[in-house]
Amino acid sequence: MSAALEAALARWPGAQSYRPGDSAALNAEILALMRSGRKRASCEAWSVFEEGGEALPEVGRVDLALDWQGRPALALRTTEVLRLRFGEMSEAMVAEQGEFADLADWRRGYEAYLTRSGRFARDVEMMFERFELVEDLAGW
């Protein structure tokens, strides 16, 4: 663990860290959208959390989004966590995620993403998280 990540975790006791996206390019795109305020929500297959791959977001907790190299990039506070099925995602929820043109685009993108990780099914349960930017950690 880097000194910067240790310092960020010490600053926000109880924070979890995670690296958004499944490639360096997607990670950079997501972090830029979060930084700009355009991305205020995210989602993931619920099974990722049940299997212990990541800690489930908790309302009120500040977590750390990492860049592709594992350095702290952003501190984000969770404001809401919902559990829904893939087909229950709405246009409004997609808009909050910032990186999709519309619901059809989200479905194509997430079907591809979930297929790459072996988690796709038409009724897969999803975690939908709303969050707010607490601090930009660029340069830590």
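A donor-acceptor pair is defined here as one N or O able to donate and one able to accept, closer than 3.5 Å; such a pair exists between the side chain of Arg38 and the backbone of Gly98. Proximity of a side-chain donor or acceptor of Asn27 to a complementary backbone N or O of Leu66 within less than 3.5 Å is detected. Glu44 places no side-chain N or O within 3.5 Å of a backbone atom of Met127 that could act as its donor or acceptor partner. For the pair Asp105 (side chain) and Phe100 (backbone), a donor-acceptor distance under 3.5 Å is absent. Looking at Arg19, its side chain does come within 3.5 Å of a backbone N or O of Trp68 through a donor-acceptor pair. Asp136 places no side-chain N or O within donor-acceptor distance of the main-chain N or O of Leu74, the cut-off being under 3.5 Å.
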**OP:** Mind running side chain to side chain contact (heavy atoms under 4.5 Å, CB included) on Ser17 and Leu5 for me, showing each step along the way?
**Re:** CA-CA 9 Å; Ser17 63; Leu5 182 53; 4.2 Å; yes
**OP:** Please test Val59 against Thr79 for side chain to side chain contact (heavy atoms under 4.5 Å, CB included), starting from the C-alpha separation and ending with a verdict.
**Re:** CA-CA 5 Å; Val59 173; Thr79 60; 5.7 Å; no
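Residues Tyr110 and Val94 fail the side-chain proximity criterion, which asks for heavy atoms closer than 4.5 Å. The shortest distance between side-chain heavy atoms of Leu133 and Leu76 falls below 4.5 Å.
In the hydrophobic clustering of ILVMFWY residues, with side-chain heavy atoms under 4.5 Å counting as a link, Phe131 and Phe49 come out apart. Placement of Met89 and Tyr113 within a single hydrophobic cluster is found when ILVMFWY residues are connected by side-chain heavy-atom separations under 4.5 Å, directly or transitively.
To the nearest 0.5 Å, atoms CD (Glu96) and CD (Glu129) are separated by 11.5 Å. A distance of 9.5 Å separates CG in Asp102 from CZ in Arg107, rounded to the nearest 0.5 Å. Taking CZ of Arg40 as the start and CD of Glu132 as the end, the distance is 12.0 Å to the nearest 0.5 Å. Taking OG of Ser47 as the reference point, atom CE of Met126 lies at 9.0 Å (rounded to 0.5 Å). With rounding to the nearest 0.5 angstrom, the CD atom of Gln97 is 4.0 Å from the SG atom of Cys43. Separation of atoms CZ (Arg35) and CD1 (Ile30) is listed at 12.5 Å; rounding is to 0.5 Å.
Using a 4.0 Å cut-off between charged side-chain N and carboxylate O, Arg122 and Glu111 make a salt bridge. Between Glu50 and Arg119 there is no salt bridge, since no side-chain N of the basic residue sits under 4.0 Å from a carboxylate O of the acidic one.
For Trp106 and Phe86, the ring centers are positioned less than 6.0 Å apart.
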